[in-house]
Undergrad: 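Below is the structure I would like to discuss, written out as structure tokens.
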Amino acid sequence: MANFYPPGFEHEKKNIAIDFDGVIHNADKGWGDGTCYGDPLPGALEALKTLSDRYKIIIFTAKAKSDRPLIDGKTGAILVTEWLEKHQVLQYVHTVTSDKPRADLYIDDNGYRFENWNNTLKFVESYEKL
């Protein structure tokens, strides 16, 4: 692992950032109004428990953005937190945020592994044709 942490932030080396929709939460009905309606994806809850032994888990999600409307008086971060609590894994999660956290690893269903710009531009071009 490379050391990309600025001085004073070495304690964040054990962060692992995990996207919510499509990685933990089945968002098969689309995003809609931001409600957390879906079930856990297979293996997600067990993975959170396992990873929490070695990492500080940070859930990142656009649902937690401050510009999203309240749903029944609740922010998206509260809705995600309640979903995690309902599924008995909240105690394994350190934070729910919309910000990109400092992390050793990011797990996201819409990610692309950057290696170089030549390959990246080819990938984007092929992605646009889908």
Side-chain angles (χ1 to χ4, degrees):
M1 288 182 275
N3 185 1
F4 296 114
Y5 295 87
F9 291 93
E10 294 83 5
H11 64 283
E12 295 186 355
K13 287 182 181 180
K14 285 296 193 176
N15 290 352
I16 190 166
I18 305 173
D19 183 27
F20 183 68
D21 286 317
V23 178
I24 297 171
H25 169 257
N26 180 356
D28 62 342
K29 297 176 188 166
W31 286 265
D33 65 0
T35 304
C36 301
Y37 54 78
D39 294 322
L41 285 168
L45 303 180
E46 295 79 11
L48 291 176
K49 293 173 188 175
T50 299
L51 290 169
S52 72
D53 288 340
R54 299 184 313 274
Y55 293 95
K56 182 168 48 173
I57 296 175
I58 301 170
I59 303 296
F60 63 97
T61 176
K63 287 184 184 322
K65 289 196 173 283
S66 61
D67 62 352
R68 294 192 67 143
L70 299 178
I71 300 169
D72 296 326
K74 298 176 182 178
T75 66
I78 291 172
L79 294 171
V80 170
T81 298
E82 288 178 349
W83 187 94
L84 293 165
E85 187 173 47
K86 173 184 171 185
H87 294 284
Q88 302 175 344
V89 292
L90 181 59
Q91 67 269 28
Y92 303 106
V93 174
H94 181 265
T95 306
V96 174
T97 185
S98 67
D99 297 328
K100 180 181 178 181
R102 284 185 195 90
D104 205 35
L105 181 65
Y106 298 89
I107 301 173
D108 191 331
D109 59 319
N110 288 322
Y112 169 78
R113 174 73 176 161
F114 177 81
E115 294 177 9
N116 62 63
W117 278 109
N118 187 41
N119 290 349
T120 299
L121 292 173
K122 288 178 185 176
F123 174 82
V124 171
E125 185 178 317
S126 66
Y127 177 79
E128 290 171 344
K129 293 178 182 178
L130 294 179

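Values below: all heavy atoms of this structure, side chains included; hydrogens, waters and symmetry mates excluded. What you see is a predicted model, and the numbers here were worked out from it, not measured in a lab.
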Undergrad: Just checking Y127: does its OH atom have more than 12 heavy atoms from other residues, nucleotides or ligands closer to it than 6.0 angstrom?
TA: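 Result for OH/Y127: open.
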Undergrad: Specify the closest pair of heavy atoms between S52 and I57, including all atoms of both residues, with the distance to one decimal.
TA: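 Scanning both residues, the minimum pair turns out to be N-CD1, 3.8 Å.
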Undergrad: So, taking the atom named NZ in K49 and the one named CG in L45, what distance separates them when rounded to the nearest 0.5 Å?
TA: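 So the NZ of K49 and the CG of L45 are separated by 6.5 Å.
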Undergrad: Is it true that, when you exclude K86 itself, more than 12 heavy atoms of the residues, nucleotides or ligands shown sit nearer than 6.0 Å to its NZ?
TA: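 Counting other residues, nucleotides and ligands, NZ of K86 stays at 12 neighbours or fewer.
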Undergrad: State plainly whether one hydrophobic cluster holds both V93 and L105, where clusters connect Ile, Leu, Val, Met, Phe, Trp and Tyr through side-chain heavy atoms under 4.5 angstrom apart.
TA: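 Linked within one cluster.
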Undergrad: How long is the gap from OG1 on T75 to CG on L70, to the nearest 0.5 Å?
TA: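 So the gap between those two atoms works out to 7.0 Å.
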Undergrad: Under 4.0 Å between a side-chain nitrogen and a carboxylate oxygen: does that hold for E125 and K129?
TA: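 Salt bridge between E125 and K129, a charged N being under 4.0 Å from a carboxylate O: yes.
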Undergrad: Would you call the rings of H87 and W83 parallel, tilted or perpendicular if under 30° counts as parallel and over 60° as perpendicular?
TA: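 Answer is tilted, since the angle falls between 30° and 60°.
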Undergrad: Taking atom CG of L79 and atom CZ of R68, what is their separation to the nearest 0.5 Å?
TA: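 Reported value, rounded in 0.5 Å steps: 9.5 Å.
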Undergrad: Work out which heavy atom in L48 is nearest to a heavy atom in Y92; give both atom names and the distance.
TA: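 Here L48 and Y92 meet closest at O-CB, 4.0 Å.
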Undergrad: Under a single-linkage definition using a 4.5 Å side-chain heavy-atom cutoff for Ile, Leu, Val, Met, Phe, Trp and Tyr, are Y55 and I59 assigned to the same hydrophobic cluster?
TA: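 Cluster IDs for Y55 and I59 match.
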Undergrad: Could you tell me if the side chain of F60 sits less than 4.5 Å from the side chain of V23, heavy atoms only?
TA: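 V23 does not reach F60 side chain to side chain.
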Undergrad: If every non-hydrogen atom of K56 is compared with every non-hydrogen atom of N15, which pair is closest and at what distance?
TA: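 Closest heavy-atom pair between K56 and N15: CE-OD1, 2.9 Å.
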Undergrad: Count the heavy atoms of every other residue, nucleotide or ligand shown that sit under 6.0 Å from CG of N116, and state whether that count exceeds 12.
TA: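 Enclosed.
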Undergrad: Drop me the distance from D21's CG to D108's CG, to the nearest 0.5 angstrom.
TA: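 Rounded to the nearest 0.5 Å, the CG-CG separation comes to 10.0 Å.
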Undergrad: Would you kindly confirm whether L41 and L90 end up in one hydrophobic cluster when ILVMFWY residues are joined by side chain heavy atoms under 4.5 Å apart?
TA: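 The answer is no; the residues belong to distinct hydrophobic clusters.
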Undergrad: Specify the closest pair of heavy atoms between K63 and T35, including all atoms of both residues, with the distance to one decimal.
TA: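 Nearest heavy atoms, K63 then T35: NZ-O, 3.7 Å.
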Undergrad: Less than 4.5 Å apart, any side-chain heavy atom of D28 and any of Y37?
TA: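 A side-chain contact exists here, since the closest heavy-atom pair is under 4.5 Å.
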Undergrad: Measuring only between side-chain heavy atoms, which start at C-beta, is I107 closer than 4.5 Å to D19?
TA: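 A side-chain contact under 4.5 Å is absent here.
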Undergrad: Which distance, rounded to the nearest 0.5 Å, do you find between the OG1 of T61 and the CG of D99?
TA: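 T61 atom OG1 to D99 atom CG measures 12.0 Å (nearest 0.5 Å).
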Undergrad: Do F20 and V96 have side-chain heavy atoms sitting under 4.5 Å apart?
TA: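 No - every pair of side-chain heavy atoms lies 4.5 Å or more apart.
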Undergrad: OH of Y106 to CD1 of I16: how many Å apart, nearest 0.5 Å?
TA: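 CD1 of I16 is found 11.0 Å from OH of Y106.
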Undergrad: Looking at Q88, I want to see if its CD is surrounded by more than 12 non-hydrogen atoms of other residues, nucleotides or ligands under 6.0 Å.
TA: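 No, because the 6.0 Å sphere around CD of Q88 holds 12 heavy atoms or fewer from other groups.
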